[in-house]
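FYI, side chains are in, hydrogens and waters are out, and symmetry mates aren't considered; it's all heavy atoms of this structure. None of these values were measured; they are calculated from a predicted model. Below, chains carry the letters A, B, ... as their sequence lines are ordered, and counting in each starts from 1.
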There are 4 protein chains.
Amino acid sequence: MTEKQRKILDIALELFAQDGYNSTSTNKIAQEAGVSEGLIFKHFGSKEGLLDYLVEEGVALMNEELDNLMRIENSVDRLKATLRFPKAVIDKNPAYWKVQMSIKFANHEIVEKYHNSSFMGKAMGIISETFEELNFENPQMETQLLMQIIASFFMSLINDEMENYAEMVSFLEKKYNLI
Amino acid sequence: MTEKQRKILDIALELFAQDGYNSTSTNKIAQEAGVSEGLIFKHFGSKEGLLDYLVEEGVALMNEELDNLMRIENSVDRLKATLRFPKAVIDKNPAYWKVQMSIKFANHEIVEKYHNSSFMGKAMGIISETFEELNFENPQMETQLLMQIIASFFMSLINDEMENYAEMVSFLEKKYNLI
Amino acid sequence: MTEKQRKILDIALELFAQDGYNSTSTNKIAQEAGVSEGLIFKHFGSKEGLLDYLVEEGVALMNEELDNLMRIENSVDRLKATLRFPKAVIDKNPAYWKVQMSIKFANHEIVEKYHNSSFMGKAMGIISETFEELNFENPQMETQLLMQIIASFFMSLINDEMENYAEMVSFLEKKYNLI
Amino acid sequence: MTEKQRKILDIALELFAQDGYNSTSTNKIAQEAGVSEGLIFKHFGSKEGLLDYLVEEGVALMNEELDNLMRIENSVDRLKATLRFPKAVIDKNPAYWKVQMSIKFANHEIVEKYHNSSFMGKAMGIISETFEELNFENPQMETQLLMQIIASFFMSLINDEMENYAEMVSFLEKKYNLI
DNA sequence: AATGAATGAGTTTTCATTCAT
DNA sequence: CATGAATGAAAACTCATTCAT
């Protein structure tokens, strides 16, 4: 990966997050990256190819995070970490996840790309196992509900709409009898 | 409101929901509505003006639904109805809410329009009041959490990703001690 | 057909003939026609749509000419007119036939458009009938040969490579015993 | 001439014949030849330089064929060979002649390159001499006509439009009293 | 109220060509 | 000799919007 190639990716990520995928022209990306417009197409084939590259990077990153979560052996600690997961991930790279989510809804065809990617299933597996280990009465429904809650937290965090995240985590820890 | 005006709105809604706001051209709207392209601009000023009109209609519709919810006197029944609210609303007019959500994320300038609309606050008021009437320990946090859950349900339903909605409602009713 | 629409067609025809289809940009057509580039696409859908329109006009024109030829009752006169046909047609509208022939070879997909059009078969029918009426020994082969010769004359005339066309006609008239 | 140089020429010829000169990008040539795009320009200066090289090779090949024709001492045999000339030449190297003809009409600047090449004059010389030796009444016109016919045969053969070439040759041999 | 011809700025993409290594 | 990263000009096409009728 050349310096310019990396620059294109970084600027594209930033602009997609800022203005959305559709509202960002390849011309603008090239200009801000200090690069000829043609280079984007030489390296990524098309504007969508550029997006795909970004998405794949994001999915890989997310999978790494999930792997870390999976490595926590104690179930209670793992569930606690799960509740903190959205904020932990986003704080590491806010720009990345702003794009991921915004494009998910901006472009109908891309929704599926994300949904078919491995990490939804992997996340479900981890949470489900945790609830089973903790002998919750209805682990399947608990899993589904928590997935929804966590997805929702992702959204809110991305839009800077959750100032009291820590408080919410405590509240849920009580609900799940983790303290 | 003339017949053609109504037709434009209906077709625009349908196409925005189907293909997203950005990917729907005024030309296509005009063609499918059997109307000249100029007429759209005569009536709604701009493409965004057309969207605004649709958004306002959506907000009004949502407020109506919330008013119905608010009218339920018994707190337990009201909370039960609140849990069923997303599916009840969407089933009445699926296209409407698909647009609402898809444009919310597709077009950054429009996000605020939606967010500044009254109904989020109204919904929060209803739920908060309910939890207080039912003497929940921490009504504020309960409210915030349920808002997240319900928002998440909206998303999932719109993307046809919740087949077991009824089961989930029962599950939550138990959690909230409503049965 | 508006004035500007006609102007686009005329200029396009001229430029296609002058520089070839591929080397003529829609931008140049628009500029020389004193028209916005978008208008070309509004009216003809695409650059190829514009070409198609021109081709169809040409085919129609050619069919008319063939109909005139067909109307000649005396076989000898008809064969004489057939020999003069290429020059007669081209002299009526040299620009038209320069395009027709140049695009035929410039663009592989278009070759078929032309070949599938009616006039090749129609021409063959006329010539074949003539040779039969004149009791030529092998009318089929005579027809095929004359078709080749006439096609070749078209090419040469288009490239301004036949100054002695009249002499050639006399020469052939002798060969076919028409004088 | 290095191996890669030769490969570029062969692939270019093939692609020009298949898709036409304008529709073949240097990028595609480089890729299919397994060579860097830069190398094409190192060796041939420009895309047109590459074409020129091919054209010159073609002209040389054609001249060789004409020399062979010229070497036939018996006039009758020479005229017979002349009638068979188009098919004989094309069968030896169909791709070559497909390019020759397609670019001739696709790209106006190149038409002249071909036309100024010697072989048209040489062919004319051979045919003219033959008709004189055979004491045809009007050798000049006979020559011009046969040139047209042969040119036309070239075109038809290139487009795979003459299945009964052998029959046509016999037919002409009779016409020219060669059997 | 309604049309539809017309615009012009913008979009993604292609492509021959250059140049440092 | 050979590469491949990089360029920049041009290509076809789209689209929201205006305006005379």
Side-chain angles (χ1 to χ4, degrees), chain A residues 1-5 7-8 22-31 33-50, chain B residues 1-5 8 22-31 33-51, chain C residues 1-5 7-8 22-31 33-50, chain D residues 1-5 8 22-31 33-51:
Chain A
M1 165 118 30
T2 67
E3 212 180 313
K4 298 212 172 189
Q5 216 164 334
K7 187 87 199 194
I8 290 169
N22 282 310
S23 303
T24 304
S25 69
T26 52
N27 172 44
K28 194 178 182 190
I29 295 169
Q31 240 171 290
V35 147
S36 74
E37 210 175 341
L39 195 58
I40 295 174
F41 294 88
K42 264 269 142 74
H43 283 316
F44 305 101
S46 67
K47 192 186 171 188
E48 199 182 331
L50 176 57
Chain B
M1 162 120 32
T2 68
E3 207 181 320
K4 298 208 171 188
Q5 219 162 334
I8 290 169
N22 282 309
S23 302
T24 303
S25 67
T26 51
N27 171 45
K28 197 178 180 189
I29 295 169
Q31 240 171 286
V35 149
S36 76
E37 214 175 338
L39 197 56
I40 294 174
F41 294 86
K42 208 69 181 177
H43 283 316
F44 303 99
S46 67
K47 193 186 172 189
E48 204 182 325
L50 177 57
L51 178 64
Chain C
M1 166 117 32
T2 66
E3 211 180 315
K4 299 213 171 189
Q5 216 165 336
K7 186 89 199 193
I8 290 169
N22 282 312
S23 304
T24 304
S25 68
T26 51
N27 172 44
K28 195 179 180 188
I29 296 169
Q31 241 169 290
V35 147
S36 74
E37 209 176 342
L39 195 57
I40 294 174
F41 295 88
K42 264 270 144 75
H43 282 316
F44 304 101
S46 66
K47 192 186 170 188
E48 201 182 328
L50 176 58
Chain D
M1 162 116 38
T2 66
E3 207 181 318
K4 298 206 170 189
Q5 220 162 332
I8 290 169
N22 282 309
S23 302
T24 303
S25 68
T26 52
N27 171 45
K28 195 178 180 189
I29 295 169
Q31 241 171 287
V35 149
S36 75
E37 215 174 337
L39 197 58
I40 295 174
F41 294 86
K42 209 66 179 183
H43 283 316
F44 303 100
S46 68
K47 192 187 172 187
E48 202 181 328
L50 177 58
L51 178 65

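Straight-line distance from the CD1 atom of C:Ile29 to the P atom of F:dA11: 11 Å, rounded to whole Å. Counting to the nearest Å, the C1' atom of F:dT3 and the CD atom of D:Gln31 are 14 Å from each other. When the C1' atom of F:dC1 is taken as reference, atom CD of D:Glu3 falls 13 Å away, rounded to whole Å. In this structure, the CD1 atom of D:Ile40 is 15 Å from the C1' atom of F:dC1, given to the nearest Å. Across the protein-nucleic acid pair, B:Phe44 atom CZ and F:dA16 atom P stand 15 Å apart, rounded to whole Å.
In this structure, of E:dA2, F:dT3, F:dT7, it is F:dT3 that holds the atom nearest to the side chain of D:Ser36.
OP1 or OP2 of E:dA6 has at least one side-chain nitrogen or oxygen of C:His43 nearer than 4.0 Å. Listed pair A:Lys28 / E:dG10 fails the phosphate criterion, with no side-chain N or O lying under 4.0 Å from OP1 or OP2.
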What does nucleotides 11-21 of chain E look like as a protein-contact string, B for base, S for sugar-phosphate only, - for none, at under 4.0 angstrom between heavy atoms? SBBBSBBB---

Intra- and inter-strand pairs of DNA chain E in dot-bracket (Watson-Crick or G-U wobble, both distances under 3.5 Å; | for another strand): .||||||||||||||||||||

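Taking CD1 of A:Ile40 as the start and CD1 of A:Ile29 as the end, the distance is 5.0 Å to the nearest 0.5 Å.
Remark: A:Thr2 pairs with A:Lys4, A:Gln5, A:His43 by the side chain to side chain contact (heavy atoms under 4.5 Å, CB included) rule, at least two apart or across chains. Listed by chain and number, the residues in a side chain to side chain contact (heavy atoms under 4.5 Å, CB included) with D:Ser36 are D:Leu39 (sequence neighbours excluded). Checked against ring pair (Phe, Tyr, Trp, His ring centres under 6.0 Å), A:Phe41 has no partners two or more places apart in sequence or in another chain. For B:Thr24, the side-chain hydrogen bond (donor to acceptor under 3.5 Å, both in side chains) criterion is met by no residue, not counting sequence neighbours.
C:Phe44 and C:Ile8 make their closest contact through CE1-CG2, 3.9 Å (heavy atoms, listed as atom of the first residue, atom of the second, distance).
Applying the salt bridge (charged side-chain N to carboxylate O under 4.0 Å, His left out) test to pairs two or more places apart or on separate chains, those with a residue in residues 22-31 of chain A are A:Asp19-A:Lys28.
The side chain to side chain donor-acceptor pair (under 3.5 Å) with A:Thr26 is formed by just one residue from the set A:Glu37, A:Lys47, A:Gln31; it is A:Glu37.
In terms of position along DNA chain F, the nucleotide closest to D:Gly34 lies nearer the 5' end than the nucleotide closest to the other residue of the pair D:Gly34 and A:Thr2.
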